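Note on naming: letters A, B, ... go to the chains in the order of the sequence lines (proteins, then strands), and numbering restarts at 1 for each one. Just so we're clear, the structure is a prediction, and the values are computed from it rather than from any experiment.
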Amino acid sequence: MTVAVGMSGGVDSTVTAWLLTRQGHEVVGLTMQIWDGSVALPDEGRSGCYGPGEARDLAFARDAAQRLGIRHVIVPLAEAYNRCVLDPFRDAYRAGRTPNPCVVCNQRMKFGLLLEEARRQGVAFDRFATGHYARTAFDAALGVHRLLRGVDAAKDQSYFLARLTQEQLRQVWFPLGGMTKDEVVRLAQEAGFSDVAAREESQDFIESESYAPLFDAADNRPGPIIDTAGRELGRHRGIVHYTVGQRQGVGVATGGRLYVRELRPETNTVVMGTRAEVLRPGCRVEDVNWIRGNAPPVGSTCRVLLRYHHPGVDAQLQPLANDAWQVSFAEPQFAVAPGQAAVFYDGDEVLGGGWIAGNHDTERI
RNA sequence: GCGCCUAUCGUCUAUCGGUUAGGACAUAGGGUUUUCAUCCCUAGAAGCGGGGUUCGACUCCCCGUAGGCGCG
């Protein structure tokens with residue numbers, strides 16, 4: 001069996017490739033090349049998916065492949081990354097939403113165009129493996145592939161994979177899904193990759209402290225910061241620099257903690273509220289992808305994560321039109337940010353995920 | 001114009017005739033983290049100006065200044 005492995009040069013993907021070679025598979029490493037220099041990001045030695053430091057990561061991946069004795073292919077996808085990830089990312093912020101580029105990148109790039117483009121270039125493989133901490137399982141009775149949490153609860157990355165389809169899952173392997181990070185690091189050392197294991201790991205989105213470099217002057221249009229009573233508390237530096245639930249960096253000092261409650265692009269306004277005022281009883285989730293291919297029974301209960309590392313909340317789902325669902329939380333939730341992925345779980349199983357809709361049942365203040 | 005009240009970190013404030021003048025918010029640094037946030041830890045940061053009373057004033061008194069309220 002020929003297995004392609006998405007290699008970033010980090011310890012997880014390196015161990016993944018090593019495990020597969022040890023199992024006797026023919027392995028080929030694939031690495032995306034997405035940096036095109038179109039954004040002014042200085043090379044400060046930071047590490048991230050998108051930035052001038054990509055050359056280092058490509059070298060690390062190539063080096064790891066060489067030491068493993070496997071073929072390594074760099075797949076140029078900068079144009080597609082711009083179109084599929086960066087542009088929608090900018091559009092979302094401009095519309096007052098808070099995008100999750102990693103979820104999109106997995107759906108469209110890593111488990112999509114990367115494989116298409118590699119095959120188009122003549123790289124043949126039967127399976128695609130990554131170092132994600134998640135598991136898949138085939139339900140023979142139903143004939144569907146299931147997506148499950150990784151065993152290492154602290155590292156579980158299934159949230160980021162909630163938009164994968166049966167077609168994608170069919171050919172995917174997650175060799176690290178049953179392991180803990182500690183075990184992976186130990187394997188890396190055992191396999192002679194201590195240097196890789198020791199390397200600082202940073203999987204930031206872009207090589208920058210902030211997203212400001214992705215936006216231009218027109219996005220830095222100041223506007224009012226108001227409270228729920230409509231009083232002006234201060235001025236903001238452009239709506240793209242804020243997200244629902246944010247407290248720091250707003251610069252508004254009152255007696256107590258205030259959080260961004262709402263972003264209003266139509267009036268270029270940021271609305272602040274107390275913690276209690278930023279609680280929501282539910283939300284609408286759009287464009288839901290159900291992993292098994294069909295929705296759970298109407299009225300069923302599941303656990304929903306409103307962002308990565310959210311502890312989750314029990315919720316009831318009611319279908320709306322066009323793959324949208326009304327989600328009612330068992331307890332009001334803090335900072336339900338439009339644009340973030342809402343991912344539904346049943347125990348360890350990922351049922352699916354969609355996008356939190358904007359201005360959901362928000363009575364205007 | 002007259003009367004009354006108020007004046008403390010960047011902001012909102014606490015306290016006391018002898019204190020390292022406390023807290024919260026904000027800010028900065030750090031931790032956590034494959035998104036954005038949240039959260040946690042640490043740090044810097046103050047007595048409007050001028051007189052006086054007192055062994056000693058941020059605290060009490062007076063003047064000034066500024067703001068608020070009431071009368072006009």
Among residues at least two apart in sequence or on other chains, which ones pass side chain to side chain donor-acceptor pair (under 3.5 Å) with Arg108(A)? none
Per the atom types in the model, does the base of rC25(B) pair as donor or acceptor with the side chain of Arg257(A) at under 3.5 Å? no
OP1 or OP2 of rC39(B) sitting under 4.0 Å from any side-chain N/O of Tyr259(A)? yes
Pair assignment for rA43(B), Watson-Crick or G-U wobble, requiring both distances under 3.5 Å: rU27(B)
Please write out the pairs of protein N or O atoms and N or O atoms of nucleotides 29-34 of chain B separated by less than 3.5 Å, giving the distance to one decimal.
from, atom 1, to, atom 2, distance (Å)
rU34(B), OP1, Lys155(A), NZ, 2.9
rU34(B), OP2, Lys155(A), NZ, 3.3
rU34(B), O4', Gln203(A), OE1, 3.4
rU34(B), O2', Gln203(A), O, 2.5
rU34(B), O2, Gln203(A), NE2, 2.9
rU34(B), O4, His132(A), NE2, 2.4

Mate of rC71(B) across any strand shown (Watson-Crick or G-U wobble, both atom pairs under 3.5 Å) is rG1(B)
In whole Å, what separates the P atom of rU27(B) from that of rU34(B)? 25 Å
When all nucleic acid strands are considered with a 4.0 Å heavy-atom cut-off, which category describes Val252(A): base, sugar-phosphate, or nothing? sugar-phosphate
Using Watson-Crick or G-U wobble geometry with both distances below 3.5 Å, tell me the partner of rU53(B), or none. none
Quick one: the side chain of Gln246(A) and the base of rU38(B), do they pair up donor-acceptor inside 3.5 Å? no
Looking at rC16(B), which nucleotide sits across from it as a Watson-Crick or G-U wobble partner, both distances under 3.5 angstrom, or is there none? none
Validation row: Met272(A), Val260(A) side chains within 4.5 angstrom (heavy atoms): yes
Taking the six-membered ring for Trp and the full ring for Phe, Tyr or His, determine whether the centres of Phe344(A) and Trp290(A) are under 6.0 Å apart. yes
Whether Phe215(A) and His241(A) hold their rings parallel, tilted or perpendicular, with breakpoints at 30° and 60°: perpendicular
Rounding to the closest angstrom, what is the interatomic distance between rA24(B) and rC60(B) at atom P? 26 Å
Would you tell me if any nitrogen or oxygen in the side chain of Arg97(A) comes within less than 4.0 Å of OP1 or OP2 on rC36(B)? no
Name the pairing partner of rU65(B), where a pair is Watson-Crick or G-U wobble with both distances under 3.5 Å, or state none. rA7(B)
Using the 3.5 Å cut-off, write out each protein N or O paired with an N or O of nucleotides 9-15 of chain B and the distance between them.
from, atom 1, to, atom 2, distance (Å)
rU11(B), O2', Ala253(A), O, 3.4

In the structure shown, which nucleotide is the Watson-Crick or G-U wobble counterpart of rU34(B), with both distances under 3.5 Å? none
So, Asp182(A) versus Thr180(A): side-chain donor-acceptor pair below 3.5 Å or not? no
Partner nucleotide, any strand, of rA21(B) [Watson-Crick/G-U, under 3.5 Å]: none
